[in-house]
Amino acid sequence: MKLSLAAEEVATFYGKMLEHEYTTKEVFRHNFFRDWRKEMTAAERKVIKRLSKCDFTEIHRHFADRAAARRALPREEKQRLKEEAEKLQQEFGYCILDGHREKIGNFKTEPPGLFRGRGDHPKMGMLKRRVLPEDVTINCGRDSKVPEPPAGHQWKEVRSDRTVTWLAAWTENVQNATKYVMLNPSSKLKGERDWEKYEVARRLKGVVDEIRSRYRADWKSREMKARQRAVALYFIDKLALRAGNEKEEGESADTVGCCSLRVEHVQLHPEADGCPYVVEFDFLGKDSIRYYNKVPVEKPVYRNLQLFLENKDPGEELFDRLTTASLNKHLQDLMDGLTAKVFRTYNASITLQGQLRALTRAEDSIAAKLLSYNRANRAVAVLCNHQRAPPKTFEKSMQALRSKIEAKKQQVAEAKAELEKARAGHASREDGSFLEKRRRRLEKLEEQLVRLGTQATDKEEGKQVALGTSKLNYLDPRISIAWCRRFGVPVEKIYNKTQREKFAWALDMAGEDFEF
DNA sequence: CAGTGAGACTCAGAAATTTCAAA
DNA sequence: TTTTGAAATTTCTGAGTCTCACT
């Protein structure tokens with residue numbers, strides 16, 4: 001069937017995703033179909049009445065072929081495409097801020113497509129419309145040259161607001177949320193903010209003992225609100241939970257954080273695994289990532305939880321007298337600039353620093369030190385519950401690594417035997433360098449074997465743990481840089497180019513004796 | 001003056017793309 | 001060498017946090 005342009009485009013959005021799990025979900029299919037029908041002409045609507053009767057395979061094949069053709073392009077052609085993209089980046093990817101040329105993070109508006117919410121998102125599959133210049137507000141300096149809108153178009157608005165950092169903004173139709181064009185993390189502006197964030201966390205370090213005794217005292221408060229706040233804060237501090245704002249029902253997936261925990265998300269065990277007073281958490285957090293944890297808590301916490309749970313239905317809030325606003329207000333009184341999320345930053349960074357101290361041996365090889373670093377990083381990622389789907393190829397590549405280790409072991413054994421043979425024959429030879437050569441070969445192979453073993457351990461332990469988020473957003477880079485300098489590990493081993501650019505501020509200021 | 005919603009920012013994992021090492 | 005495929009990196013954009021103005 002020949003579709004109108006508008007209906008065809010929306011159909012291609014679906015066709016491209018045919019292999020994706022999304023297209024098996026009822027909500028996704030339903031939302032897509034409803035929005036698709038809105039794009040159809042009256043005549044099309046008359047014919048196309050059931051999604052299940054539509055065949056998108058031809059569309060899907062078309063795009064699969066196109067992608068394959070692109071991959072098969074000759075080298076020179078690919079090079080040309082790359083250069084073109086670079087030209088675009090140079091022309092539109094930078095701005096001048098306070099006289100400095102700064103890289104922009106996202107300089108392209110988001111293309112139209114089908115909304116891909118995480119978890120059980122009620123809006124998944126809805127049509128995300130094309131952004132037109134008429135939707136875009138430009139924010140630039142009063143005296144700067146206003147970027148030209150595409151020919152025949154106009155910007156929605158041009159303003160000069162010095163109180164915000166965004167360069168352009170538009171409203172996305174699915175969630176009715178504002179989207180922004182902002183600077184790259186490597187920019188001075190973002191770098192300063194990043195630094196400030198860690199400085200607030202370091203100030204928390206100075207008062208955290210006091211805050212802890214305060215909330216422990218509040219566990220016995222006469223005021224219910226204060227008790228709930230104190231227990232919630234204990235969780236935020238001990239378990240690095242997020243604050244947990246209220247969410248509008250039906251607008252997004254049903255996820256919670258600390259303050260929005262419901263009765264159904266916690267279970268109390270007077271005793272479990274040999275420990276008294278155990279709380280079992282099971283809920284979906286940000287991005288619908290499951291948080292599951294069984295933690296022994298102190299008796300007063302346990303007693304309070306029993307109290308909070310009394311006479312409540314599973315769907316009711318555990319901390320019914322508490323909101324993130326009131327919690328943060330309280331925190332603000334305890335320390336200037338303190339909010340719930342600062343505890344995550346603080347605990348992540350202090351954990352990294354502690355783990356690095358505990359795990360690193362000065363006499364270790366670089367590879368062993370890097371394993372220690374990764375383990376420290378992983379401890380933080382586990383604390384923050386940063387998870388990833390195990391890579392689809394995980395088992396396969398793990399197996400490949402194992403067989404590689406076996407092969408290397410074999411080689412080592414052979415090299416050993418050869419060395420022995422060379423030793424035995426040495427007396428009768430003039431040339432000692434032959435023996436030396438064999439010895440070096442064995443040494444090198446053994447080194448490689450150790451490295452592979454390290455790699456395997458690392459891989460297995462990190463199967464479901466996502467290290468990137470903590471590394472990028474929670475760990476004061478100065479801790480890592482100081483560690484590198486102290487132990488002679490090249491910074492490039494832990495931060496790639498992009499990360500070094502983002503953390504340029506820290507590379508400038510962290511000496512080897514930096515302490516968080 | 002508590003609650004509410006918009007706005008602006010940080011943080012999040014998946015997906016796409018590029019790089020690199022091994023076959 | 002050239003090809004292939006896995007790992008590393010980059011891009012993408014959705015999902016949180018928190019502030020502030022308003023009622």
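Values reported hereafter were calculated over all heavy atoms of this structure, with side chains retained and with hydrogens, waters and symmetry mates removed. Naming: A, B, ... by sequence-line order, numbering from 1 per chain.
The side-chain hydrogen bond (donor to acceptor under 3.5 Å, both in side chains) test applied to A:Lys502 returns no partner, not counting sequence neighbours.
Going from atom CG of A:Leu284 over to atom C1' of C:dA15 covers 13 Å, rounded to whole Å. In this structure, the CD atom of A:Glu172 is 15 Å from the C1' atom of B:dA6, given to the nearest Å. Distance NZ (A:Lys197) to P (C:dC18): 12 Å, rounded to an integer number of Å. In this structure, NZ of A:Lys463 is placed 17 Å from P of C:dA6, rounded to the nearest angstrom. Between the CD1 atom of A:Ile494 and the C1' atom of C:dA8 there is a distance of 16 Å, given to the nearest Å. Rounded to a whole Å, the CG atom of A:Asn106 is 14 Å from the C1' atom of B:dC11. Rounded to an integer number of Å, the gap from CZ of A:Arg321 to P of B:dA2 is 15 Å. Rounded to whole Å, the distance from CG on A:Leu189 to C1' on B:dA8 is 12 Å.
Between A:Val131 and A:Glu110, the shortest heavy-atom contact is CG2-O, 4.0 Å. Minimum interatomic distance between A:Cys140 and A:Val146 (heavy atoms only, all atoms of both residues): SG-CG2, 4.2 Å.
Residue A:Gly257 is out of contact with every strand shown, counting any heavy-atom pair closer than 4.0 Å. Backbone-only contact: A:Gln175 has heavy atoms under 4.0 Å from sugar-phosphate atoms and none from a base. Residue A:Gly468 is out of contact with every strand shown, counting any heavy-atom pair closer than 4.0 Å. Using a 4.0 Å heavy-atom cutoff across all strands shown, A:Ala340 reaches sugar-phosphate atoms only and no base atom. A:Thr324 comes within contact range of no nucleotide atom at all, as no heavy-atom separation falls under 4.0 Å. In this structure, A:Thr165 reaches the sugar-phosphate backbone alone: every heavy-atom distance under 4.0 Å involves primed, P, OP1 or OP2 atoms, never a base. Among the atoms of the strands shown, none is found under 4.0 Å from any heavy atom of A:Lys123. A:Arg118 comes within contact range of at least one nucleobase, with a heavy-atom separation under 4.0 Å. Using a 4.0 Å heavy-atom criterion, one finds that A:Asn473 contacts the sugar-phosphate atoms exclusively. Backbone-only contact: A:Lys247 has heavy atoms under 4.0 Å from sugar-phosphate atoms and none from a base. A:Ala325 comes within contact range of no nucleotide atom at all, as no heavy-atom separation falls under 4.0 Å. Here A:Pro185 lies out of heavy-atom contact (under 4.0 Å) with every strand. A:Ile289 comes within contact range of the sugar-phosphate backbone alone, with a heavy-atom separation under 4.0 Å but no base atom that close.
Each of A:His121 and A:Asn496 was assigned the nucleotide of DNA chain C with the nearest heavy atom; the assignment lying further toward the 5' end belongs to A:Asn496. Along DNA chain C, the nucleotide nearest to A:Val256 and the one nearest to A:Thr498 differ in position, and the one closer to the 5' end is contacted by A:Thr498. For the pair A:Tyr22 and A:Thr163, nearest-nucleotide mapping onto DNA chain B gives the more 5' position to A:Thr163. Of the residues near DNA chain B, A:Tyr180 and A:Leu472, the one whose nearest nucleotide (by heavy atom distance) lies more toward the 5' end is A:Tyr180.
Proximity of a side-chain donor or acceptor of A:Asn106 to a complementary backbone N or O of A:Met182 within less than 3.5 Å is detected. Side-chain atoms of A:His265 come within 3.5 Å of backbone N or O of A:Arg262 as a donor-acceptor pair. Looking only at distances, no side-chain donor or acceptor of A:Arg242 sits under 3.5 Å from a matching main-chain atom of A:Arg344. Not one N or O on the side chain of A:Thr23 forms a donor-acceptor pair closer than 3.5 Å with the backbone of A:Glu19. Looking at A:Gln228, its side chain does come within 3.5 Å of a backbone N or O of A:Asp320 through a donor-acceptor pair.
Scanning residues 64-91 of chain A for heavy-atom distances under 4.0 Å to DNA chain C yields an empty list.
Remark: aromatic rings of A:Tyr373 and A:Trp483 are close, center separation under 6.0 Å.
You'll find that the side chain of A:Thr178 is closest to B:dG7, out of C:dT13, B:dC9, B:dG7. When distances are taken from the side chain of A:His20 to each of C:dC18, B:dA8, B:dA15, the shortest belongs to B:dA15. Closest to the A:Thr469 side chain, of the nucleotides C:dC18, C:dT10, B:dA12, is B:dA12. The A:His386 side chain lies nearest to B:dG13 when the options are B:dA15, C:dG16, B:dG13. Each of C:dT9, C:dT13, B:dT10 was ranked by its minimum atom distance to the side chain of A:Glu110; first place goes to C:dT13. Side-chain atoms of A:Arg242 lie closest to B:dA12 of the nucleotides B:dA12, B:dC9, B:dT10. The side chain of A:Ala389 has B:dA14 as its nearest neighbour among B:dA8, B:dA15, B:dA14.
Regarding contacts with the backbone of C:dT11, every side-chain N or O of A:Asn184 stays at 4.0 angstrom or more from both OP1 and OP2. Between A:Lys329 and the phosphate of B:dA2, there is no side-chain N or O to OP1/OP2 separation shorter than 4.0 Å. Contact annotation: A:Lys108 side-chain N/O to C:dT11 OP1/OP2 distance is not under 4.0 Å. Considering only side-chain N and O atoms, A:Thr255 lies under 4.0 angstrom from the phosphate OP1 or OP2 of C:dG16.
Ring-plane geometry between A:Phe319 and A:Phe308 is classed as perpendicular, the angle between the planes exceeding 60 degrees on a 0 to 90 degree scale with a lower cut at 30. Ring orientation note: the planes of A:Phe28 and A:Tyr22 are close to parallel, at an angle under 30° on the 30°/60° scale.
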Are A:Asp218 and A:Arg214 close enough, and set up right, to give a salt bridge (Lys or Arg N to Asp or Glu O under 4.0 Å), and what steps lead you there? CA-CA 6 Å; A:Asp218 280 346; A:Arg214 169 72 190 265; 3.4 Å; yes

Would you list the protein and nucleotides 21-23 of chain C atom pairs, both N or O, that sit under 3.5 Å from each other?
none

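With respect to A:Tyr180, the ring-ring contact (aromatic ring centres under 6.0 Å, His included) criterion is satisfied by exactly one of A:Phe107, A:Trp166, A:Trp170: A:Trp166.
For A:Lys341 against C:dC18, no side-chain N or O and base N or O form a donor-acceptor pair under 3.5 Å.
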